[in-house]
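All residue numbers in this chain count up from 1 along the given sequence. Each ligand, and each atom within it, is numbered from 1 in the order the structure gives. Here the structure is a predicted model, which is why all the values come from computation and not from measurement. Keep in mind that the numbers below use all heavy atoms, side chains included, and drop hydrogens, waters and symmetry copies.
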Amino acid sequence: MARIVMKFGGTSVANLERIHNVARHVKREVEAGHEVAVVVSAMSGKTNELVSWVQDTPKANGANSPFYDAREYDTVVASGEQVTSGLVAIALQSMGINARSWQGWQIPIRTDNSHGAARIMEIDGTEIIKRMGEGQVAVIAGFQGIGPDNRIATLGRGGSDTSAVAIAASVKADRCDIYTDVDGVYTTDPRIVPQARRMKKVSFEEMLEMASLGSKVLQVRSVELAMVFKVRTFVRSSFEDPDAPGMGDLLNPPGTLICDEEEIVEQEVVTGIAFAKDEAQISLRRLSDRPGVSAAIFGPLAEAHINVDMIVQNISEDGSKTDMTFTVPYGDVQKAIKVLEDNKEKIGFDVVQSESGLAKVSVIGIGMRSHAGVAALAFKALAEKSINIKAITTSEIKISILIDGAYSELAVRTLHSAYGLDKS
Ligand code: ADP
Ligand code: ASP
Ligand code: MG
């Protein structure tokens, strides 16, 4: 007997038929004698709809600013998961399985106070463990917990993955299965590159890079938790026949295992290509070149919770003025420009310029640590397709390249084949 946490994403619970299919996956594990907790997302498209309602309400009521209260945002957007937790519990009960739904506050899943992007601080698994021991399936609403202010807090988009891994850690599950609409983690998004290959295993570190550089198959925080708490996490498909051969395999279920580097026997130099669209670039022109200028720029941006990514500073020609360019998510451009203008005196620059519609394409692989020339290959491949590079950043295990967004898919396909990742 094992203890398994099964998480189902939005497309997996998109309608009542899909929910029936989810219940069949759960039934298979229950009938095999396992203790099961289920974590569910909202039906696909639901969270987007709820978010847009929240965003549109202030203006529809005469406000000039799009401001809304983050606590009320959480109250609204967490409701999608409440619906599916109840529906999945009912589906299971209809199939003769003892099941009960749980909202974040009922467990409780305690978070910090960052409404809209809260972090899980603590989960009390006692009651869930007790119920599972009595043969009851816990169906838990993902994406939500309760903050120190005693109010519902959501975990940021894609947060149900994090709920699942955190619950798996707190109940000491043997496995956490993330069921989604693809049958594992691929070398790049299989919807963009049909030649992408499914990986049997991928290391925590590489998955962390892929997720943070744009592969939305797992939320970044879920990978961090899986790595820290050593949760055996599989990404697998809910769309396969729940009773197909091998689906109930305890040690080697179909899908991709996220695991320690040591568990991977044949390590490639490059394992995957990630990309993020909707990047924007901000440039400060004729910036005074003196100690403390970076702190003067990035301090206020950090305080405004703006995520700055690639930073490029030119060498000053005359020792007094320079240019500084950096990227921010497209949605933060206006806010960032306002922060910079507000601090113009302190920073000391002439003009601030911005460009939207950029994309960041990244090449990831642990094998890069011990191989030279990995980046040069990317530059050559992109040059052959006449794709202009606007900025580059590298780390031990990744290279990120900023390009015009119109070329993002061509760049991903080009790099994918340049590094020999296409399936034969
Ligand atoms: P869910 O609703 O189940 O949480 P998501 O849409 O959040 O599903 O994540 C699954 C999607 O992630 C896939 O449909 C796929 O398009 C995308 N994706 C991006 N990069 C990858 C990758 N490297 N491997 C697999 N899927 C990826
Ligand atoms: N429903 C939430 C979202 O769309 C959480 C999730 O699906 O993981 O972001
Ligand atoms: Mg997701």
Gap separating the CG atom of L92 from the CZ atom of R24, nearest 0.5 angstrom
13.0 Å
Could you see which bit of K216 sits under 4.0 Å from ligand 1, with heavy atoms only: side chain, backbone, both or neither?
backbone
Quick one: closest heavy-atom pair of A173 and V5, and the distance?
CB-CG2, 3.9 Å
Among all protein heavy atoms, pick out the one at the shortest distance from atom 7 (O) of ligand 2; state its residue, atom name and that distance to 0.1 Å.
S41 OG, 3.1 Å
Using a heavy-atom cut-off of under 4.0 Å, does the side chain or the backbone of Q219 touch ligand 2, or both, or neither?
neither
State whether the shortest distance between N or O atoms of S160 and N or O atoms of ligand 2 falls below 3.5 angstrom.
yes
Nitrogen or oxygen atoms of D161 and ligand 1 under 3.5 Å apart:
no
Ligand-side contact atoms (ligand 1) for residue partner P190, heavy atom cut-off under 4.0 Å:
24 (N), 25 (C), 26 (N), 27 (C)
Looking at atom 15 (C) of ligand 1, what's its closest protein heavy atom, distance included?
D189 OD1, 3.4 Å
Numbered atoms and elements of ligand 1 in range of M210, under 4.0 angstrom, heavy atoms:
23 (N)
Can you find an N/O atom of D181 closer than 3.5 Å to an N/O atom of ligand 1?
yes
G10 N/O to ligand 2 N/O under 3.5 Å:
no
So which of K7, K216, R157 gets nearest to atom 9 (O) of ligand 2, if we judge by its closest heavy atom?
R157
Under 4.0 Å from ligand 1, counting heavy atoms only, is it the side chain of T188, its backbone, both or neither?
backbone
Going by the side chain to side chain donor-acceptor pair (under 3.5 Å) test, which pairs reach into residues 330-339, not counting sequence neighbours?
K338-D342
By number and element, which atoms of ligand 1 are closer than 4.0 Å to a non-hydrogen atom of K7?
4 (O)
Which one of S215, G184, S44 has a non-hydrogen atom at the shortest distance from atom 25 (C) of ligand 1?
G184
Run the salt-bridge test on R221 and D161 with the 4.0 Å N-O cut-off and return the result as yes or no.
no
Interfacing atoms of ligand 1 (cut-off 4.0 Å, heavy-atom, T180)
1 (P), 3 (O), 8 (O), 9 (O), 10 (C)
